[in-house]
Amino acid sequence: MRTIDDALEQHPRESLTRTPTPFDYLQHFSNRLGVDVHLKREDLTDLTLGGDKPRKLEYELAIARQQGA
């Protein structure tokens, strides 16, 4: 069975961000709520936008470069 990582490897990509970003365990918040809470640190991608936008741009930029842009 193909994984998402395998599928993404088939597409060209220009690295623009520092990934993967870590998850931080929020111990005090978790204790107060009684469940484990983790925070995805998208602020550590080196870009102000963070999240899905720069990741999508990595693939779009690679396609544009392949087409001579």
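Heavy atoms only: backbone and side chains are in, while hydrogens, waters and symmetry mates are out.
E58 contributes atom CD, which lies 14.0 Å from atom NE2 of H11 (distance to the nearest 0.5 angstrom). Note: D5 CG to R2 CZ = 11.0 Å, rounded to the nearest 0.5 Å. With rounding to the nearest 0.5 Å, the separation of CD in Q66 from CD in E14 is 9.0 Å.
Taking a 6.0 Å sphere around NE2 of H28, one finds it holds 12 or fewer heavy atoms contributed by other residues, nucleotides or ligands. Sparse packing is recorded around CD of E9, with 12 or fewer heavy atoms of other residues, nucleotides or ligands lying under 6.0 Å away. More than 12 heavy atoms of other residues, nucleotides or ligands lie within 6.0 Å of CG in L33, so this atom counts as buried by the packing criterion.
Transitive grouping of hydrophobic side chains (ILVMFWY, heavy atoms separated by less than 4.5 Å) brings L39 and F29 into a common cluster. The cluster map of Ile, Leu, Val, Met, Phe, Trp and Tyr, joined by side-chain heavy atoms under 4.5 Å apart, puts V35 and F23 in different clusters.
Between L44 and P22, some side-chain heavy-atom pair lies under the 4.5 Å cut-off. Under the 4.5 Å side-chain criterion, counting only non-hydrogen atoms from C-beta, Y59 is not in contact with P12.
For the salt bridge (Lys or Arg N to Asp or Glu O under 4.0 Å) condition, the pairs that include at least one residue of residues 20-38, sequence neighbours left out, are D24-R41.
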